[in-house]
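Both ligands and their constituent atoms are indexed starting at 1 by order of listing. In this chain, residues are counted from 1 in sequence order.
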Amino acid sequence: MIHLVTGGAGFIGSHLTRELVKHEHDVIVFDDLSLGNIRYLDDALTGGFCTFMKVNCANLAHFRAAVDQALDGRNAQAIWHFAANSDIPAGIVDPIVDLQHTFMTTFNALQLMKEFNIPEFHFSSSSAIYGDFGHALIDESSGPCLPISNYGAMKLASEGQVCATLEGHGQKASIFRFPNVIGVPATHGVILDFVKKLRADKNCLRVLGDGTQQKAYLHVDDLISGMLFIVEAGQSKINLYNIGPCDDGVTVRFIAETVRDSVAPDAEIIYGCEDRGWVGDVPRFRYATAKLAELGWQPSMSSEAAVHRAVREIAHDICNF
Ligand SMILES: NC(=O)c1ccc[n+]([C@@H]2O[C@H](COP(=O)([O-])OP(=O)(O)OC[C@H]3O[C@@H](n4cnc5c(N)ncnc54)[C@H](O)[C@@H]3O)[C@@H](O)[C@H]2O)c1
């Protein structure tokens with residue numbers, strides 16, 4: 001079976017690619033390397049099951065030519081769409097970034113699903129589509145969805161485009177709504193940010209916001225296992241799931257202290273005054289995961305355990321601690 005993976009040179013896409021290759025699927029990765037790194041695919045590229053195409057998926061003509069060349073008349077089973085702008089603050093400064101990299105990449109991938117008669121589409125959406133629900137528990141039917149970042153808005157539009165396309169084409173789609181996903185190779189995110197800051201200054205860690213922001217964190221190993229489970233077990237045409245830990249998450253204060261203890265135990269942590277890190281940052285969300293538990297899958301790690309493990313992994317990766 002041939003799987004097309006957009007954004008496959010990024011953090012999550014490279015893990016999924018490795019997992020598919022391990023099961024002897026043929027994988028073709030499409031990535032413009034704007035945020036990812038081909039190094040993340042080193043081991044996947046050596047076994048003969050994985051091909052890499054450098055292409056901007058927001059450019060339909062280039063993307064189509066790359067798919068055509070890579071498939072060379074063969075049929076593909078699925079598109080796994082991970083390509084997106086993962087730098088939410090960058091999309092707040094310039095909304096075109098999310099229009100192009102988060103929405104147009106999805107629109108084009110769906111267009112090529114139709115043109116190349118690919119039966120399955122698996123889409124990495126985000127908790128950012130919900131917007132700010134305060135302390136309420138958010139399940140898949142919570143609404144109205146009122147995103148507060150351009151990234152969240154373009155993910156929500158992408159979900160709509162997946163559903164509209166599946167109405168007339170393809171057999172099956174997955175919409176995975178991820179919380180914060182952590183592990184290595186980290187390309188972005190709060191843990192990487194804190195480790196880099198403490199590497200630059202071992203005495204002081206400045207935190208964006210007052211540290212009370214509280215969210216769910218999922219380790220990437222659990223995420224890959226959850227996505228593959230949904231693809232296997234989901235019986236609907238559109239399989240829409242929150243994938244997350246079964247808890248209320250951890251605070252930024254907990255993460256700052258965990259990173260400090262691991263990287264620079266003598267550092268002073270200095271918090272900001274706002275209840276959020278930046279404009280567009282949802283300060284807290286509580287994620288309901290009962291629907292996925294009913295389907296038969298639960299993560300192996302809590303938010304707290306995932307953060308402890310990811311801090312060790314990222315600190316080791318970045319600083320060789
Ligand atoms: N990591 C998280 O916490 C998280 C949470 C929710 C949703 N997601 C979603 O999961 C997916 C993967 O996220 P990630 O954390 O691995 O991010 P990442 O930045 O590591 O990976 C994204 C990849 O897409 C590539 N890319 C970006 N624009 C492209 C374009 N126009 N054409 C081709 N390639 C392009 C980048 O080079 C990168 O390799 C994204 O869609 C992201 O929005 C991630």
**Q.** SB check Asp221 Arg309 (cutoff 4.0 Å)
**A.** yes

Q: Could you name the option among Arg177, Met154, His188 that has the heavy atom nearest to atom 1 (N) of ligand 1?
A: His188

Q.
Using the ring centroid of each side chain, check whether Phe285 and Phe133 are separated by less than 6.0 Å.
A. no

Q: State the atoms of ligand 1, each with its element, that fall below the 4.0 Å cut-off from a heavy-atom position in Gly10.
A: 20 (O), 21 (O), 38 (C), 39 (O)

Q) Could Glu159 and Lys155 be called an ion pair, given the rule that one side-chain N must be under 4.0 Å from one carboxylate O? A) no

Q. Looking only at heavy atoms, is any part of Leu33 under 4.0 Å from ligand 1, and if so is it the side chain, the backbone, or both, or is it neither?
A. backbone

(Q) Is Lys155 close enough to touch ligand 1? Criterion: a residue heavy atom under 4.0 Å from a ligand atom. (A) yes

Q) If you look at every heavy atom in His101 and Asn85, which pair is closest and at what distance? A) CB-N, 3.8 Å

Q) Which of the atoms of ligand 1 are close to Gly36, meaning less than 4.0 Å from one of its heavy atoms? A) 36 (C), 37 (O), 38 (C), 39 (O)

(Q) I'd like to know if Arg177 pairs up with Glu140 as an ion pair, taking the criterion as any Lys NZ or Arg NE/NH1/NH2 lying under 4.0 Å from an Asp or Glu carboxylate oxygen. (A) no

Q. Any idea which of Ala84, Ala58, Cys57 brings a heavy atom closest to atom 27 (C) of ligand 1?
A. Ala84

Q. Hey, does Asn85 come in under 3.5 Å of ligand 1, counting only N/O atoms on both sides?
A. no

Q: Please work out which of the three classes, parallel, tilted or perpendicular, describes the rings of Phe254 and His308, given edges at 30° and 60°.
A: perpendicular

Q.
Does any N or O of ligand 1 fall below 3.5 Å from an N or O anywhere on Gly13, backbone included?
A. no

Q) Any idea how Phe11 and His188 line up, ring-wise: parallel (<30°), tilted (30 to 60°), or perpendicular (>60°)? A) perpendicular

Q: Identify, for atom 28 (N) of ligand 1, the protein heavy atom at the shortest distance, and state residue, atom and that distance.
A: His101 ND1, 3.2 Å

Q: May I ask which of Pro179, Gly7, Gly152 has a heavy atom nearer to atom 4 (C) of ligand 1 than the others do?
A: Pro179

Q. Is any side-chain N of the basic residue among Arg276 and Asp132 closer than 4.0 Å to the acidic one's carboxylate O?
A. yes

Q. Considering Phe82, Phe123, Phe30, Tyr151, which one's heavy-atom position lies nearest to atom 9 (C) of ligand 1?
A. Tyr151

Q. Tell me: protein heavy atom nearest atom 35 (C) of ligand 1, and distance?
A. Asp32 OD1, 3.1 Å

Q) Against heavy atoms of Asn180, which atoms of ligand 1 measure under 4.0 Å? A) 3 (O)

Q: Indicate, with yes or no, if the rings of Phe82 and His15 have centres closer together than 6.0 Å.
A: no

Q: Select the closest option to atom 39 (O) of ligand 1 among Asp31, Val55, Ile12, judged by heavy-atom distance.
A: Asp31

Q: Please indicate whether any nitrogen or oxygen in Ser125 is less than 3.5 Å from any nitrogen or oxygen in ligand 1.
A: no

(Q) salt bridge (Lys or Arg N to Asp or Glu O under 4.0 Å), that's the test. Do Asp43 and Arg18 meet it? Break it down for me. (A) CA-CA 8 Å; Asp43 42 354; Arg18 252 191 311 281; 3.6 Å; yes

Q | Atoms in ligand 1 flagged as close to Val181, the criterion being non-hydrogen separation under 4.0 Å | A | 1 (N), 2 (C), 3 (O)

Q | Option from Ser124, Ser158, Cys57 for which side-chain contact (heavy atoms from CB on, under 4.5 Å) with Thr106 holds | A | Ser158

Q. If you count the atoms of ligand 1 from 1 in the order shown, which ones are under 4.0 Å from a heavy atom of Ala9?
A. 39 (O)

Q. Could Lys291 and Glu294 be called an ion pair, given the rule that one side-chain N must be under 4.0 Å from one carboxylate O?
A. no

Q: Answer with side chain, backbone, both or neither: which part of Gln100 has a heavy atom less than 4.0 angstrom from an atom of ligand 1?
A: neither

Q) By number and element, which atoms of ligand 1 are closer than 4.0 Å to a non-hydrogen atom of Ser86? A) 17 (O), 18 (P), 19 (O)

Q. Distance from Glu232 atom CD to Met227 atom CE, nearest 0.5 Å?
A. 14.0 Å

Q: With heavy atoms of Thr105 as the reference, note each atom of ligand 1 found under 4.0 Å away.
A: 30 (C), 31 (N)

Q. Backbone or side chain, does any N or O of Phe178 fall under 3.5 Å from an N or O of ligand 1?
A. no

Q | Enumerated ligand 1 atoms positioned under 4.0 Å from heavy atoms of Ser126 | A | 6 (C), 7 (C)

Q: Using a strict 4.0 Å threshold on nitrogen-to-oxygen distance, state whether Arg64 and Asp68 make a salt bridge.
A: no

Q | From the candidates Asp98, Thr187, Asn56, the one that places a heavy atom nearest atom 20 (O) of ligand 1 | A | Thr187

Q.
Counting only nitrogen or oxygen atoms and a 3.5 angstrom limit, does His81 reach ligand 1?
A. no

